[in-house]
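Worksheet: the structure to be examined is printed underneath.
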Amino acid sequence: MMKIKNTKAKKLQPLEKISSGISGLDEITGGGLPKGRPTLVCGNAGCGKTLMAMEFLVRGAVEHNEPGVFMSFEENEEELTRNVASLGFDLNALSAKKKIVLDHVRIERSEIEETGEYDLEGLFIRLNHAIDSIGAKRVVLDTIEGLFAALPNHAILRSELRRLFRWLKDKGVSAIITAERGDGLLTRHGLEEYVADCVILLDHRVNEQLSTRRLRVVKYRGSVHGTNEYPFLISKDGFSVLPVTSMGLDHPASSERISSGVERLDTMLGGKGFFRGSSILVSGTAGTGKSSIAAAFVDAAARRGERSLYFAFEESQNQILRNMKSISLDLEPWVRKGLLQFHASRPSLCGLEMHLLTIYDAVRKFKPRVVVMDPVTNLISVGTEIEVRSMLTRLIDFFKTEQVTALFPSLTTGDNTSQSEVAIASLMDVWVLLRNIESGGERNRGLYILKARGMEHSNQIREVLLSNNGIGLVDVYAGPSTVLTGSARIEQEGREKAEIDRRKAQMDRRQREIERERGVTEAQVAVLKAGLEAKIEALNQEITDETLLEQVNAKSRFNIAANRQADVEPKLKNNGTNRIH
Amino acid sequence: MSKTTKTEKKNSSKAPSQEAWELRLYVAGQTSKSVTAFANLKKICEEYIPGKYNIEVVDLLINPTLAKGDQILAVPTLVRKLPVPIRKILGDLSDTERVLVGLDLRQRDEQTV
């Protein structure tokens, strides 16, 4: 997309532009319509030419203090006033303040006869008078081609129109001239030949019973402009061309993290949850708990005191509130406190652009920090995949610019991620996939994180448990070929517990055995020790006895020797003791 | 034309009619077209409705606001205010036949004569 910057460095003065007052159009044209030049707005009946021209005029008068003249060849003043009153434009008041002049030029073909040469000086005088009477800077001629029906002499008409556009330029007024679309031509009478400075084409298409309006800048002499077809809307606030805001990728990136409202999910996301301002896709088949996760997210935001906006495309507000109570998420107090707002509507209620605008409006007014669009896939029923994708791109850009964290539950069919989801997924920062795991005759919910930009995240699958305690994530048992969830997991848990118990009992038993064995061994040791001691004791007794005997013997030998009067004196003590020990 | 309007009145005593013709010629300045138109108009009136007509010439350059009243775009434009219905004849009135048809004089002429 292009953002046009007026090159002020240029020596030549670039084309001056004036704000069209139409939201989005100035972005596409890089500043608005050419100042002091006529712009041709062409399109089929009912595509909003008159309204666009009128808004150009009214916004100019109100916002830029540029009075304007509306010369209508179709509707009279009263009709015009009434038609735009629904958009909040009070033409009567503006006329009274001399901000706007409405001039209805009515020509009855039946009243008119041509008799020779004439010119349209009358129209010039009339227009000139109207312009001068209020000092108009803007002029609208709606639909000047009406003249072709009224005046049979097209040769005169053509030359006079050429003169008129020249005259408007000389007059220095910025003009919008509307014209009907022709076959193969931009306009039925080839007005684009005369008004060649800027040509805007409006289109109104009905696709699958839903209408979309589109705008294209066909030509803009002396200026770069967006060349695409841009959807536009006519809403109660007037004409607006999308994209309204960001056409670039320059939104801020916050490093603040916010909780998802599910504790284990935060843990899986590096322990801190999502980045603020990120876009989160929660995809899954029907009944996998997408809305519950969305509700938990909204609940967490409200607990932090942040406002959130919940766009429901499937359920009504009351239904969501009731359903979420079943998993102990009572959102009603938040609604009452004004922290949570619901916007429930069927996607087929209006076209994509209308949805986009409603969302823009609601976000601008409510200023939420968190937005949920549940389910975003329902919008696909409204447009083609390309349209939805482009709409989502704009929406995500918008949310990011506003630093709104957006969660998009997305319904998928079948087990495989569908094509459209993949297309959406590339826009998202975080993709949480919920899926049904069917095994052992039951269905359980599994949760993965497929991607999470800029943060570490768990690669594990978790089982989602929705109960009246809220949303819980538990580990699953990963087997060689499959993962176990639900009853199978509980069974597995039981088995494991029994195994642990059994092992513990076995341990205890063995411990007791050892204890017993230790007792026996110790007893044996005691016995042996006792035996040993007894032996030592006996030995010592023997030694004592022996010593005594020796002493007795020595004594007796001494006595004998003494008796025999031997010449050597016998030793009494040491002899015996030395030997015994 | 220096005057705002220029009224030509003819005495209608010659051929009294139940209908008075009120004609208004819108011009923008004294251009050759407006002069031709006025001359042609006068000639036709004198020839077909003598004495019954009243011509008012409006110069839009002087009175631009009057253009709105009769929804004037082209000049010169001849407006037949009376008799009703209102008829508008664009151009310098050089095509007499068509002026007569435009003023409903052609049919009337044939019927009366």
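Proteins get letters first, then strands, A, B, ... in listed order; numbering begins at 1 in each. The basis for the numbers below is simple: all heavy atoms, side chains too, and nothing from hydrogens, waters or symmetry mates.
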Under the side chain to side chain contact (heavy atoms under 4.5 Å, CB included) test, which residues partner A:Ala130, sequence neighbours left out?
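In terms of side chain to side chain contact (heavy atoms under 4.5 Å, CB included), with neighbours along the sequence ignored, A:Ala130 is linked to A:Val69, A:Val101.
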Cross-interface N/O pairs, chain A with chain B, donor-acceptor, under 3.5 angstrom:
residue: A:Leu102; atom: O; partner: B:Lys68; partner atom: NZ; Å: 3.4
residue: A:His104; atom: O; partner: B:Gln71; partner atom: NE2; Å: 2.9
residue: A:Arg106; atom: N; partner: B:Gln71; partner atom: OE1; Å: 2.8
residue: A:Glu111; atom: O; partner: B:Lys88; partner atom: N; Å: 2.6
residue: A:Glu113; atom: N; partner: B:Lys88; partner atom: O; Å: 2.8
residue: A:Glu113; atom: O; partner: B:Leu90; partner atom: N; Å: 2.6
residue: A:Glu113; atom: OE2; partner: B:Arg98; partner atom: NE; Å: 3.2
residue: A:Glu113; atom: OE2; partner: B:Arg98; partner atom: NH2; Å: 2.8
residue: A:Glu114; atom: O; partner: B:Arg98; partner atom: NE; Å: 3.4
residue: A:Thr115; atom: N; partner: B:Leu90; partner atom: O; Å: 2.7
residue: A:Thr115; atom: O; partner: B:Asp92; partner atom: N; Å: 3.3
residue: A:Thr115; atom: O; partner: B:Leu93; partner atom: N; Å: 2.9
residue: A:Thr115; atom: O; partner: B:Ser94; partner atom: N; Å: 3.4
residue: A:Thr115; atom: OG1; partner: B:Leu90; partner atom: O; Å: 2.7
residue: A:Thr115; atom: OG1; partner: B:Leu93; partner atom: N; Å: 3.4
residue: A:Glu117; atom: N; partner: B:Asp92; partner atom: OD1; Å: 3.4
residue: A:Glu117; atom: O; partner: B:Asp92; partner atom: N; Å: 2.8
residue: A:Asp119; atom: N; partner: B:Val75; partner atom: O; Å: 2.9
residue: A:Asp119; atom: O; partner: B:Val75; partner atom: N; Å: 2.7
residue: A:Asp119; atom: OD2; partner: B:Lys33; partner atom: NZ; Å: 3.0
residue: A:Gly122; atom: N; partner: B:Leu73; partner atom: O; Å: 2.9
residue: A:Leu123; atom: N; partner: B:Leu73; partner atom: O; Å: 2.7
residue: A:Arg126; atom: NH1; partner: B:Gln71; partner atom: OE1; Å: 3.1
residue: A:Arg126; atom: NH2; partner: B:Gln71; partner atom: OE1; Å: 3.1

Under 4.5 Å from any heavy atom of chain B - which part of A:Leu127:
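Answer is neither: A:Leu127 stays 4.5 Å or more from chain B.
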Heavy-atom contact with chain B under 4.5 Å, split by part of A:Ile156
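Contact with chain B is absent: no heavy atom of A:Ile156 under 4.5 Å.
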Closest non-hydrogen atom pair between A:Gly122 and B:Leu60, with its separation
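Looks like CA-CD1, 3.9 Å.
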Report the residues that fulfil side-chain hydrogen bond (donor to acceptor under 3.5 Å, both in side chains) with A:Arg59, sequence neighbours left out, ordered by chain and then residue number.
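Applying side-chain hydrogen bond (donor to acceptor under 3.5 Å, both in side chains) to A:Arg59 gives A:Glu55, A:Glu63.
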Only distances under 3.5 Å count here; give the side-chain donor-acceptor pairs of residues 36-44 of chain A to other protein atoms, sequence neighbours excluded, each with its distance to 0.1 Å.
residue: A:Arg37; atom: NH1; partner: A:Asp197; partner atom: OD1; Å: 2.8

Taking side chain as everything from C-beta outward and backbone as N, CA, C, O, which of these in B:Leu61 sits under 4.5 Å from a heavy atom of chain A? Side chain, backbone, both or neither.
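Both backbone and side chain.
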Answer yes or no: does atom NZ of A:Lys35 have more than 12 heavy-atom neighbours from other residues, nucleotides or ligands under 6.0 Å?
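Not buried by this count: 12 neighbours or fewer within 6.0 Å.
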Kindly compute the distance separating CD1 (B:Ile72) from CG (A:Leu120), expressed to the nearest 0.5 Å.
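If we round to the nearest 0.5 Å, B:Ile72:CD1 and A:Leu120:CG are 11.5 Å apart.
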Heavy-atom pairs under 4.5 Å with chain A, option from B:Ala37, B:Gly91, B:Pro76 with the top count:
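It is B:Gly91.
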